[in-house]
Structures are given as C-alpha cells and as structure tokens.
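We name chains A, B, ... by the order of the sequence lines, and we start the count at 1 in each one.
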Amino acid sequence: LVSWTAMLSAYARNGHLYGCKAVYREIPEWSLVAWNAMLAACAKNDDLCGAREVFSSMEVRSLESWTVIVCAIADQGHLEEARALFEKMPECDIVSWTAMLAAYAQAGNTLEAETIFEAMPEVDLVSWTAMLAAYAMNGYLSESRAVFDSMHERNLFSWTALIAVYAGKGFLEEAKFLFDFMPERDAVSWTAMLSGFAQNGHLEEAKAMFDAMADRHLFSWNGLLSAYAQNGNLDQAKKTFDRMHERNSISRNSVLTAYSQSGHSSTAIEIFKDLKLVGEHPDEIAFLCNLVACSHAGKLRDAGDSFRSMVSDFGIPARKLHYRYLIDLLCRSGYLNEVEDLLATMPFLPD
RNA sequence: GACGGAGCCUUG
C-alpha cells in the first residue's frame, strides 16, 4: 500500500497524469493517504475537475485533502470559492492558513494576505517566507525587506525571494550582494540572479551566471534562453533552444516571444504552426504571440482564425490581451463594426 | 517508510 502510494506521488511530481491513472486502475487497496496523493496529482496537473471528483468521492478527508482542494481551486483563479471552502474546513492548521495567504498574494490581494498572516495563531518559516513573497510578487520592496529582517531564521526560499524583488526593481548591486552573501545557493537562486541580470539588460553577466552554475536544470536553461529572447538576441536564443536537452512550453514560448516581439512575424507564425504540427499544445501565451505576429503582419484572416481556434478547439478562454491585439488589428484594417461586436460581447470592461 | 502550504524560468 505504501509503495503504491509512493508510485502515485512520484508520477504526480513528474507531471505524469497518465501514470497516475494507471496506478489508479490497478491499486489493490485505497487509503486516505492514497486518495490524497491522487488528489494532489490532479491538482499538480491543473486538473481541477479531476480533483473535485476525487475530493467529493472521498469518504474520509484529512487536513491534507482540504488543503489540496482549496489550493487547486485558488490556483485556477476561483479565489472566492477557495475562501468559502476554506471557511468550511473542519479544522485549520498552519499549512492551510499559509496556503490561503499565498492564494491571496497570488491574486494580488496583499492586504488580505497581511490580514491572514496577522490573524494566524502561529507562524513558521514557511508562512514568514510566504508573506515575504506576497510583498515581493506585488512589488512592495521595503515591506519585503522588513519581513526578511524580522525573520528569526531564513532559508533558500527567503533569500531568493528577496534577491528576485531587488533585481526586479532594478537594484542589481543589492541583489548581487545578497546573492554573494547568502549562506548557500541552489539552482533556483542562481537562476533568479541570472534573470535579475537579464531583466536589467546585463546579458554578459547573465551568461556568466549560467556558466558558473554547478547544475543546470530546465528552468536554468529557460532563464538563459529568455535572457537572450528578452534582449532581442535571436541568434543566441535559437542556439540555446537547440542546445537544450529538454524543453517545455516555457522554452517554446520564449522563442516564440523573441520572434513575435522583434517584428519577425513570419518566423513566429511558422514556429507557431510547427508547434501544432508536432502536437505540442499551444497555450494562451503561444496564441498571444501568434496574434501579435499576425497583427504585425496584417494577417487579419489568420488572426481571427487563431483567436477562434484558441477558444473553440483548445478551450482556452480569451484574455484581455488577446482581445486587445485582435481589436487593434481590426481597427487598423477598418473593420469597425466587428470591433463594436467584439467589445460588446467580450467578458471584460473596455479599457 | 507514502499525501497538503513559501523562492526561480515564457505573456501581462
């Protein structure tokens, strides 16, 4: 039973939902922990429906089960529903409180994150770091620093979060100082520093970070790739992409972004087509790049087709930016009636 | 011995 459950978790960690499903069919005996693992597997793969099914079919639930489902619901953007469920939990602990705090932070509601943090009966290193990250991801530099300074202990997560917010705000020297000063570094902190340099246009130093890394993960390669992509170095971006041993949607989107934003529209459109040919599912960002490219190239028909295909074939809801690029193109092409229709039917307020 | 919360990489 324990090894079956461990297999389930292992598949979940690697994002292999089909592996989970296989175990699901063959597992001889179910336990609460096994159900929780299944639940976590769905959540990790953004399968909210599956998670809901598992959760409601469970006859016994633990704190873990509740926390996973609350996180899964919040992750899919249903913050209010997550909160409602959170309120209904038979009991809460430091983990579920922290999860809720992080959910609000993710949604940009720093105030509510603060409220939760202050209301928590007890906090630990993870909750402190979550609060630090809440400030960091919403651009509150001095508040991040204040949290960091008042922490009794710190770990890689807290150091890296602080470095990232300094670098993101353009305080590169501070960031580098912290990076050099932190007691230990891992692949994530190295990559954070790399992108810090990249965000501020320091390509050489970004590359130097990459070269100096002890171990390079997929996300480190992605960091280097996007460093080139963001700075318009298409050749190096392409070279890096080709040199990668493993790629994911972030790698592909980075290349796509590089071409579409630099005005190489036809190349971007080609890449997007290849994406679909190879069977890689384009996500909302890939579609956005394609829209940008079509818009730039004046390909009204293709832009419209792409927009519709995204929604109906791929089930990806159109976001504000998708509308914006399509509308921009329609305006420039003189289709003002179509623009009126779009504005009237889109699920956003026009801005 | 197996399950839940925090940092990094693509669009904003």
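- Within the 4.0 angstrom heavy-atom criterion, only backbone atoms of the sugar-phosphate kind lie near Leu321(A); the bases stay farther away.
- When distances run from any side-chain atom of Thr257(A) to the nucleotides G5(B), U11(B), G4(B), the shortest one goes to U11(B).
- Rounded to an integer number of Å, the gap from Asn231(A) CG to U10(B) C1' is 14 Å.
- A donor and an acceptor atom, one from each side chain of Arg216(A) and Thr191(A), are nowhere located under 3.5 Å apart.
- Of the candidate nucleotides C8(B), G4(B), U11(B), C8(B) has the atom nearest to the side chain of Ala192(A).
- Across all strands, Asp124(A) comes closer than 4.0 Å to base atoms (heavy-atom distances).
- Side-chain N/O atoms of Ser309(A) and Asp313(A) include a donor and acceptor closer than 3.5 Å.
- For Phe307(A) and Tyr323(A), the ring centers are positioned less than 6.0 Å apart.
- When distances run from any side-chain atom of Ala40(A) to the nucleotides G5(B), C3(B), G7(B), the shortest one goes to C3(B).
- Counting heavy atoms from C-beta outward, Phe55(A) and Ser65(A) have side chains that approach closer than 4.5 Å.
- Rounded to an integer number of Å, the gap from CG of Leu156(A) to C1' of G7(B) is 9 Å.
- The Val2(A) side chain lies nearest to G1(B) when the options are C9(B), G1(B), U11(B).
- Counting non-hydrogen atoms under 4.0 angstrom, Asn248(A) reaches nothing in the nucleic acid.
- Atoms CG (Leu194(A)) and P (G7(B)) sit 19 Å apart, rounded to a whole Å.
- For an aromatic pair to be called close, the ring centres must be under 6.0 Å apart, and Phe86(A) with Trp66(A) fails this.
- Contact annotation for Ser254(A): backbone-only contact, meaning every heavy-atom pair under 4.0 Å involves sugar-phosphate atoms and none involves a base.
- With rounding to whole Å, Asn222(A) atom CG is found 14 Å from U11(B) atom C1'.
- In the set G5(B), U11(B), G7(B), U11(B) carries the atom at the smallest distance from any side-chain atom of Gln230(A).
- Side-chain atoms of Asn155(A) come within donor-acceptor range of the base of A6(B), with a qualifying N/O pair under 3.5 Å.
- Ile94(A) comes within 4.0 angstrom of a base, heavy atoms only.
- Among the nucleotides A2(B), C9(B), G5(B), the one closest to the side chain of Phe219(A) is C9(B).
- A sub-4.0 Å separation between OP1 or OP2 of G12(B) and a side-chain N or O of Gln261(A) is present.
- Nucleic acid contact for Ser62(A): none, since no nucleic acid atom lies under 4.0 Å from a heavy atom of the residue.
- The base of G5(B) lies outside donor-acceptor range of the side chain of Asp93(A), with no N or O pair under 3.5 Å.
- Side-chain proximity of Val68(A) to the nucleotides A2(B), G7(B), G4(B) is greatest for G4(B).
- Between C8(B), U10(B), A2(B), one nucleotide has an atom nearer to the side chain of Ser9(A) than all others, and that is A2(B).
- In the set G7(B), G5(B), U11(B), the nucleotide with an atom closest to the side chain of Ile285(A) is U11(B).
- For Ile250(A), counting side-chain heavy atoms from C-beta on, the closest listed nucleotide (G5(B), C9(B), A2(B)) is C9(B).
- Distance, Leu234(A) CG to U10(B) P: 16 Å, rounded to whole Å.
- Note: CE (Met89(A)) to P (G4(B)) measures 14 Å, nearest angstrom.
- Rounded to a whole Å, the CZ atom of Phe117(A) is 19 Å from the P atom of G5(B).
- For Trp190(A) and Phe179(A), the ring centers sit closer than 6.0 Å to each other.
- Between the OH atom of Tyr24(A) and the P atom of A2(B) there is a distance of 24 Å, rounded to whole Å.
- A salt bridge links Glu81(A) to Arg52(A): at least one charged side-chain nitrogen sits closer than 4.0 Å to a carboxylate oxygen.
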